[in-house]
Amino acid sequence: MGKRILIVDDEASIVTLLIFNVEQAGFETDVAYDGAEAIKKAESADFDLIILDLMLPEMDGMDVCKHLRTNKIDTPILMLTAKDEEFDKVLGLELGADDYLTKPFSPKEVVARIKAILRRSEKTEETNTLSIQIGDLMIYPDRYEAEIKGEDLTFTRKEFELLYYLASHKGKVLSRDQLLSAVWNYDFAGDTRIVDVHVSHLREKIEPKNKKPAYIKTVRGLGYKMEEPK
């Protein structure tokens with residue numbers, strides 16, 4: 001069975017265009033025309049990726065994305081936005097979107113983005129499944145789970161991927177640009193707020209004293225590094 005894509009958009013012309021090009025590329029498709037229907041379908045069936053329009057009736061794409069991530073549905077999301085719509089790319093990615101594309105778009109670009117996201121997702125799943133221990137922190141990559149002093153921790157997919165990447169490079173200073181490239185596969189031309197926001201969220205969850213981090217250290221002017229707490 002081919003990979004399944006859920007298309008979420010309320011514009012019939014856009015849906016028709018996406019269905020044709022996505023299926024031509026070898027994927028199976030299903031459609032939802034509003035946010036509530038998107039959530040219902042995403043929660044009741046397995047999809048490999050969701051194409052999610054930002055502006056939807058009743059519940060917008062941001063709220064759909066937030067709901068799915070809060071409820072542990074980590075299906076990759078490609079967000080669609082119109083050029084004149086207010087869209088904070090940092091907020092969108094912070095809520096759990098994997099990529100975004102601005103309308104009007106080229107059908108070839110949509111297919112290219114889908115394939116790129118799926119490649120990254122598959123690469124992540126193939127990553128070394130051995131657990132990592134740093135101090136009281138245990139990380140289980142194969143399950144996307146972590147615990148500290150035996151207590152389970154809750155992360156979004158990107159928070160976990162950032163934590164795992166930092167832990168996998170323990171003791172090495174990693175620049176914000178390196179982390180953007182490795183975890184988000186993004187070049188934001190110097191806009192690295194998304195990294196700082198996610199590091200802040202990680203610290204809230206794993207650091208005994210958030211104001212004096214023991215695990216994730218800031219290296220001024222360079223970036224971050226993870227180390228054994230002293």
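For clarity, every value in this text was computed on a predicted model and none was experimentally measured.
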- Task: Assess whether side chain to side chain contact (heavy atoms under 4.5 Å, CB included) is satisfied between Tyr165 and Leu174, documenting all intermediate values.
- Result: CA-CA 10 Å; Tyr165 192 81; Leu174 300 166; 3.8 Å; yes
Check your understanding: Side-chain heavy atoms under 4.5 angstrom apart, residues restricted to Ile, Leu, Val, Met, Phe, Trp, Tyr: same cluster for Val111 and Val15?
Key -> no
Side chain proximity check, [X] to [Y], heavy atoms < 4.5 angstrom:
| X | Y | answer |
| --- | --- | --- |
| Val110 | Ile51 | yes |
| Lys172 | Leu166 | no |
| Asp34 | Asp10 | no |
| Leu18 | Leu80 | yes |
| Pro76 | Ile50 | no |
| Asn21 | Phe27 | no |
| Leu101 | Met79 | no |
| Leu68 | Thr75 | no |

Start with the C-alpha gap between Asp46 and Arg4, add the side-chain angles, then the distance that decides, and say whether salt bridge (charged side-chain N to carboxylate O under 4.0 Å, His left out) holds.
CA-CA 8 Å; Asp46 289 329; Arg4 302 183 68 216; over 6 Å; no
Candidate pair Thr218 and Arg203, rule side chain to side chain donor-acceptor pair (under 3.5 Å), full reasoning: CA-CA 11 Å; Thr218 301; Arg203 282 174 168 164; 2.8 Å; yes
By salt bridge (charged side-chain N to carboxylate O under 4.0 Å, His left out), Lys225 pairs with (sequence neighbours left out) Glu227
Indicate yes or no: does [X] engage [Y] in a salt bridge with an N to O separation below 4.0 Å.
| X | Y | answer |
| --- | --- | --- |
| Lys205 | Glu159 | yes |
| Lys103 | Glu11 | yes |
| Asp74 | Arg69 | no |

Hey, does the side chain of [X] reach the backbone of [Y] with a donor-acceptor pair shorter than 3.5 angstrom?
| X | Y | value |
| --- | --- | --- |
| Thr70 | Lys66 | yes |
| Asn71 | Ile73 | no |
| Glu37 | Tyr33 | yes |
| Asp53 | Leu56 | no |

### Derivation and outcome, side chain to side chain contact (heavy atoms under 4.5 Å, CB included), residues Tyr215 and Leu202
CA-CA 10 Å; Tyr215 289 95; Leu202 289 180; over 6 Å; no
Which heavy atom of [X] sits nearest to which heavy atom of [Y], and what is that distance?
| X | Y | value |
| --- | --- | --- |
| Ala97 | Cys65 | N-SG, 3.5 Å |
| Lys41 | Ala32 | CD-CB, 4.5 Å |
| Pro107 | Leu17 | CG-CD1, 4.0 Å |
| Gly35 | Val64 | CA-CG2, 3.5 Å |

Quick check for you: to the nearest 0.5 Å, what is the distance between [X] atom [atom1] and [Y] atom [atom2]?
| X | Y | atom1 | atom2 | value |
| --- | --- | --- | --- | --- |
| Tyr164 | Tyr140 | OH | OH | 14.0 Å |
| Glu145 | Thr154 | CD | OG1 | 9.5 Å |
| Phe160 | Leu162 | CZ | CG | 11.0 Å |
| Lys217 | Glu207 | NZ | CD | 8.5 Å |
| Ile5 | Glu28 | CD1 | CD | 9.5 Å |
| Leu78 | Leu6 | CG | CG | 12.0 Å |

Heavy atoms of other groups near Gln133 CD, more than 12 under 6.0 Å: yes
Quick one: do the [X] and [Y] side chains pair a donor with an acceptor below 3.5 Å?
| X | Y | answer |
| --- | --- | --- |
| His169 | Gln178 | no |
| Asp196 | Tyr224 | yes |
| Glu161 | Tyr144 | yes |

| request: Just do the side chain to side chain contact (heavy atoms under 4.5 Å, CB included) check on Leu153 and Leu137 with the steps written out, would you? | output: CA-CA 10 Å; Leu153 299 169; Leu137 178 66; 3.8 Å; yes
Please determine whether side chain to side chain contact (heavy atoms under 4.5 Å, CB included) holds for the pair Asp30 and Ile7, giving the CA-CA distance in whole Å, both sets of side-chain angles, and the decisive distance to 0.1 Å. CA-CA 6 Å; Asp30 195 358; Ile7 296 168; over 6 Å; no
Cluster membership besides Val219, Ile/Leu/Val/Met/Phe/Trp/Tyr side chains within less than 4.5 angstrom, sorted by chain and number, is Val173, Leu222
Residues passing the side chain to side chain contact (heavy atoms under 4.5 Å, CB included) test with Ala167, sequence neighbours excluded, are Ile132, Ile134, Ile139, Met226
**Item:** Parallel, tilted or perpendicular, as decided by the 30° and 60° cut-offs, for the rings of His198 and His201
**Value:** tilted
